[in-house]
Protein chains: 4
Amino acid sequence: MSRVLTADPETGRRRNNASRDAILEATHTLLEEAGFDKLSLEGVAARAGVGKATIYRWWPSKGALAMEAFLRAVAPTIAFPVTACARDDVTTQIHKVAKAYRGKAGRIIREMIGLGQFEPETMRLFVDGYLEPRRSAAKAALQRGIEQGEWCRAIDLDIVVDALYGPIFHRLLTAHAEIDARFIDAHVNLVLDGIGNSKTA
Amino acid sequence: MSRVLTADPETGRRRNNASRDAILEATHTLLEEAGFDKLSLEGVAARAGVGKATIYRWWPSKGALAMEAFLRAVAPTIAFPVTACARDDVTTQIHKVAKAYRGKAGRIIREMIGLGQFEPETMRLFVDGYLEPRRSAAKAALQRGIEQGEWCRAIDLDIVVDALYGPIFHRLLTAHAEIDARFIDAHVNLVLDGIGNSKTA
Amino acid sequence: MSRVLTADPETGRRRNNASRDAILEATHTLLEEAGFDKLSLEGVAARAGVGKATIYRWWPSKGALAMEAFLRAVAPTIAFPVTACARDDVTTQIHKVAKAYRGKAGRIIREMIGLGQFEPETMRLFVDGYLEPRRSAAKAALQRGIEQGEWCRAIDLDIVVDALYGPIFHRLLTAHAEIDARFIDAHVNLVLDGIGNSKTA
Amino acid sequence: MSRVLTADPETGRRRNNASRDAILEATHTLLEEAGFDKLSLEGVAARAGVGKATIYRWWPSKGALAMEAFLRAVAPTIAFPVTACARDDVTTQIHKVAKAYRGKAGRIIREMIGLGQFEPETMRLFVDGYLEPRRSAAKAALQRGIEQGEWCRAIDLDIVVDALYGPIFHRLLTAHAEIDARFIDAHVNLVLDGIGNSKTA
DNA sequence: AAATAATCGAGACGGTACGTCTGGTCTTACC
DNA sequence: GGTAAGACCAGACGTACCGTCTCGATTATTT
C-alpha cells in the first residue's frame with residue numbers, strides 16, 4: 001500500500017513509524033466520530049501532531065488514507081465458524097455480518113464503498129483488503145459443504161457468494177429495506193435451496 | 001421534489017422555468033463530462049447563466065440537484081417486456097440492465113449511490129425516484145409469472161427482487177467481477193430455479 | 001489604488017468598505033507590532049475578521065497591502081512650516097523628519113523601501129503616495145526661497161532635494177552612521193551653502 | 001565570515017571547500033537569474049549537490065548566504081583612479097558607479113540593501129564588506145584633494161561622502177528619477193562646489 | 001396605472017480546506 | 001566527525017468552493 005518506492009531509498013532518514021501510526025489512528029478516530037465527509041487532512045494532521053506534507057508524502061488521497069485506516073482497524077476480524085454442517089456455518093456467519101452492518105461498522109463500510117465510487121484506486125484497496133479475504137473464506141466454507149455432499153459439485157462459487165452477499169450490500173447501501181434476521185433467513189434459504197435445483201449455476 | 005411551498009405565494013414574480021431547465025441541463029452535462037466529484041455549484045451557475053442563489057433557492061444541496069438532474073434524464077426508461085413467459089421477460093430485462101450498467105449509465109448510477117452514502121435525503125430521492133419504480137415493475141412481472149403458474153404463490157417478492165438485482169449492484173459498486181452475459185445467465189437461473197425449491201421464501 | 005475596474009461593475013453586490021477599513025487597520029497594527037517580515041495575510045484576515053479571498057480580491061500582493069496601509073496611516077502628515085526665511089523652514093523640517101526617522105516611523109519606512117526592491121509596482125505606490133508629495137512640498141519651500149532672493153534662480157530643484165534628503169535615506173537604510181542633529185546641521189549647511197556657489201546646478 | 005571556529009578543530013573531518021564554493025556559486029547564479037525573492041535554500045542545495053544541513057551549518061540565514069555570495073563576486077572591484085586632480089578622480093569614479101548601478105549590478109545591490117532591512121546582521125555584512133571599503137577609498141581621494149589645496153581642511157569627510165553617494169543610492173532604491181550622466185554632473189558639482197562655500201561643514 | 005412582492009443575474013462576503021512550498025531540524029548510512 | 005540524502009514538524013501560501021448576503025432590474029398580481 002502507501003507509496004511506490006522509486007529509485008534508491010537506501011539513503012536519507014528513514015520513515016518514522018510513530019508518525020505513520022499516529023496518522024492512521026487519528027484518521028480512524030475522526031472517521032468514527034464524524035464520518036468521512038467531515039474528515040479533513042488538516043484535522044488529521046493537527047490531531048496526529050504531524051505536518052500535512054508527511055501525509056501527502058505517503059498517501060495519494062484522502063480516500064486512500066481513510067481506507068487504509070479502516071482496513072487496519074477491521075482487517076483482523078474475519079473468522080468463519082467451522083462445524084459439521086457447512087450450511088449452518090454460512091447461515092451463522094451471515095447473521096453475524098448482518099448484525100455488524102446494522103451497527104457502527106455498517107456506516108463506515110457504506111462510506112468506504114461510497115467514496116470508492118469516486119476513486120477507483122481506493123475501491124481496489126477495499127476489494128483487496130476487505131472484500132476478497134471474506135469472499136475467500138465464504139468460498140472455502142461452501143467448498144467444505146460440497147465435499148460433504150451438501151451441494152452438487154457443478155456450482156460456480158463466485159456466483160453463489162455474490163448471490164448470498166450482494167443483496168445484503170444492496171440493502172446496506174440503498175436502505176430500501178431492513179437487514180433484519182427474518183430477511184436473512186428467507187434470503188439464505190432461497191439461495192442455498194436454489195443451488196441444488198439450478199441446472200446451470 | 002424541490003421546495004415545500006409555505007404560506008400563500010400567490011403574489012410576486014413566478015418561478016422561472018427556463019432557469020430551472022437550464023440548471024438541470026447544465027448539471028447533467030457536467031455530471032456526464034466530469035463526474036459528481038468535479039461538479040461545483042459555481043460551475044453549474046456559470047454554465048447555466050444563473051445566479052448561485054437561484055440554485056440554493058430551489059435545491060437544498062449539491063447532491064439533491066445532481067440526483068434530480070439524473071432522475072430527469074433517466075426516469076422515462078423503465079420498460080419491462082410483456083410476453084407469454086414471465087421468466088423470459090425477467091431474464092431479458094436483466095440483460096438489458098446489465099448492458100446499460102456496463103456503459104456510461106453505470107458510472108452515473110454508481111456515483112449517485114456513492115453520494116447517497118453521505119446524504120440520507122439524497123439517497124431517499126434515488127430510492128423513490130429510481131429504485132422503487134423499477135422494483136415495482138419487476139415485482140409485477142414476477143406476479144404475472146406466479147399467476148401463470150411459473151412459480152409457487154408463497155414467495156416473498158421483495159426478497160426475490162433483491163436476490164435478482166442485489167448482486168448486480170454489488171458488482172457495479174465494488175467492481176470485484178464483471179457484469180457480463182455469462183454471469184447474468186448463471187445468476188438468474190440460480191435464483192429463479194431456487195424459488196421453486198425453497199421451503200421458506 | 002487597489003483593483004483596476006474591468007468590464008461592468010454596476011452589477012452584483014458592492015464592495016464592503018467596513019471590510020476594507022478593517023483589513024487596512026489590521027495590517028497597520030500588525031506592521032507596527034511585528035514588522036513586515038512577520039506579516040501574514042492569514043494573520044491579517046484573522047484579525048480583521050475577513051476571508052482571505054477578500055484580501056486577494058482587492059490587493060495584488062502582500063506588499064501592495066502593506067504599502068497602502070502604511071500610506072493611509074502616514075499620508076496626512078506632510079506639513080511644511082512657512083516663515084519669512086525659507087532656509088529656516090527647510091532646516092526645521094529636515095530636523096523633524098530626522099527625528100521621526102529615528103523612531104518607529106523609521107523602521108516602517110525602511111521596510112517599505114526594502115520590500116519595494118522586490119515589487120516594482122509596490123515601490124511605485126510608495127513614490128507616488130509618500131515620496132513625491134513630500135518632494136513637492138520641499139520644492140515649494142525652496143522656490144519661495146528663490147523668489148525671496150535667498151538662492152539664485154538657476155538651480156535645479158530636483159537635484160537639490162535629492163542632495164538634501166538622499167543622504168538621510170542612505171543612513172536610514174544602511175545604518176552606517178547616525179542621523180543625529182549634528183549631522184543634519186552640517187549636512188544641510190553643506191548643501192544649502194553649496195547652492196549659491198555652484199556654477200552648474 | 002561564516003563560522004567562528006571554537007576550541008580545537010584538529011579532530012574530525014575538515015570542512016569541505018569544494019562544497020563551500022559550490023554553494024556560493026550556486027547562490028550567485030540563482031541570484032542573478034531570478035533575484036533574491038525566488039532564491040530558496042532548497043534550490044541552492046539541489047543545484048550545488050549539497051545537503052541543506054550543510055548550508056545551515058555554515059550560514060545563519062538565507063540573507064547571510066546571499067550577501068556572502070554577492071560580496072565574493074563583487075568585492076574585488078573597487079579601483080579609484082589616481083591623477084593629479086582629485087576632483088576629477090572623484091567625478092570619474094562616481095560616473096563609473098552610476099553606470100554600474102544602471103545595469104545588472106544595480107538590481108543585485110538594490111536587493112541586498114532591501115533584504116538588509118529585515119535582517120540587521122545581514123545589513124552589517126553589507127556595510128562592512130561593501131560600503132565601508134568604498135567609503136574609505138572615497139575619503140582617501142578627498143583627502144588627497146585637501147592636501148593638494150583643492151578644498152579647505154575643515155570639512156567632515158563622512159558628511160561629504162554621504163552627500164556625494166547618498167542621493168545616488170536614493171535614486172537607485174526609489175527609482176523616482178534616473179541616474180544619468182546629466183544628473184551626476186550637476187549633483188557632483190553642487191556638492192563639491194559647496195564644500196568650499198560652507199561655513200560649518 | 002400604481003403599488004406590492006417575489007424572482008432573477010451578478011458577484012462580494014466570511015469561511016474552510018485544499019495541495020504546495022519553504023524553513024529549519026533531525027536521522028541515517030557512508031566516508 | 002563531516003557529508004548527501006531526505007524525512008520530519010510547522011505554518012504561510014494562493015486557489016477553489018461553499019452557502020449567505022446585498023444589489024439593481026425584472027415580472028407578475030393585487031389594488
Side-chain angles (χ1 to χ4, degrees), chain A residues 7-16 18-20 38-46 48-58 60-62, chain B residues 8-16 18-19 22 38-46 48-58 60-62, chain C residues 7-16 18-20 22 38-46 48-58 60-62, chain D residues 9-16 18-19 38-43 45-46 48-58 60-62:
Chain A
D8 185 346
E10 312 254 331
T11 186
R13 184 175 175 175
R14 294 296 189 266
R15 181 172 185 181
N16 183 347
S19 292
R20 182 196 155 91
K38 307 279 182 197
L39 186 73
S40 74
L41 290 196
E42 215 119 286
V44 171
V50 138
K52 279 199 290 176
T54 301
I55 303 182
Y56 283 106
R57 212 190 321 271
W58 300 110
S61 71
K62 194 172 90 159
Chain B
D8 188 341
E10 313 250 333
T11 186
R13 185 175 176 175
R14 292 299 189 265
R15 180 171 185 182
N16 184 346
S19 291
K38 308 280 182 196
L39 187 73
S40 74
L41 288 194
E42 219 120 280
V44 171
V50 139
K52 280 201 291 176
T54 302
I55 303 181
Y56 282 106
R57 211 190 320 271
W58 301 109
S61 70
K62 192 172 91 158
Chain C
D8 184 347
E10 312 257 330
T11 186
R13 184 173 174 178
R14 296 297 189 272
R15 179 170 187 182
N16 183 346
S19 293
R20 181 197 157 91
K38 308 280 183 196
L39 186 73
S40 74
L41 290 196
E42 214 120 284
V44 171
V50 139
K52 278 200 290 177
T54 302
I55 303 181
Y56 283 107
R57 210 186 325 268
W58 300 109
S61 71
K62 195 171 89 158
Chain D
E10 312 254 332
T11 184
R13 184 169 173 179
R14 291 300 187 278
R15 179 170 184 182
N16 183 344
S19 291
K38 307 282 182 197
L39 187 74
S40 75
L41 288 195
E42 221 117 280
V50 137
K52 278 201 292 175
T54 302
I55 303 181
Y56 282 107
R57 208 188 321 276
W58 300 109
S61 71
K62 192 170 93 158

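Computed from a predicted model, the values in this text were never measured in an experiment. Atoms considered below: every heavy atom in the structure, side chains included; atoms not considered: hydrogens, waters and symmetry mates.
In this model, the phosphate group of E:dC13 is approached by a side-chain N or O of C:W58 to a distance below 4.0 Å at OP1 or OP2. For D:S19 and F:dG2, the shortest distance from a side-chain N or O to OP1 or OP2 is not below 4.0 Å. Here D:R57 reaches the OP1 or OP2 of F:dT3: one of its side-chain N or O atoms lies under 4.0 Å away.
Take the nearest nucleotide of DNA chain F for A:T54 and for D:A45: the residue whose nucleotide is more 5' is D:A45. Residues D:V50 and C:R13 each lie close to DNA chain F; by heavy-atom proximity, the contact nearer the 5' end of the strand is made by D:V50.
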request  = Assess whether side chain to side chain contact (heavy atoms under 4.5 Å, CB included) is satisfied between D:K52 and D:I55, documenting all intermediate values.
outcome  = CA-CA 5 Å; D:K52 278 201 292 175; D:I55 303 181; 5.5 Å; no
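Listed for the B:K62 side chain is a donor-acceptor partner under 3.5 Å among the backbone atoms of B:L39.
Computed from coordinates, the A:I55 CD1 to F:dC9 C1' distance equals 12 Å when rounded to whole Å. The distance from atom CG of B:N16 to atom C1' of F:dA25 is 14 Å, rounded to the nearest whole Å.
Remark: C:R57 CZ to C:T54 OG1 distance equals 5.0 Å, nearest 0.5 Å.
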ask   = Using a cut-off of 4.0 Å between protein heavy atoms and nucleotide atoms, how would you tag nucleotides 18-23 of chain E 5' to 3' with B, S and -?
value = BBBBBB
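Judged by the 6.0 Å distance and 45° axis criteria, C:R20 is not positioned over the aromatic ring of C:W58.
Closest heavy-atom contact between D:A45 and D:G51: CB-C, 4.3 Å.
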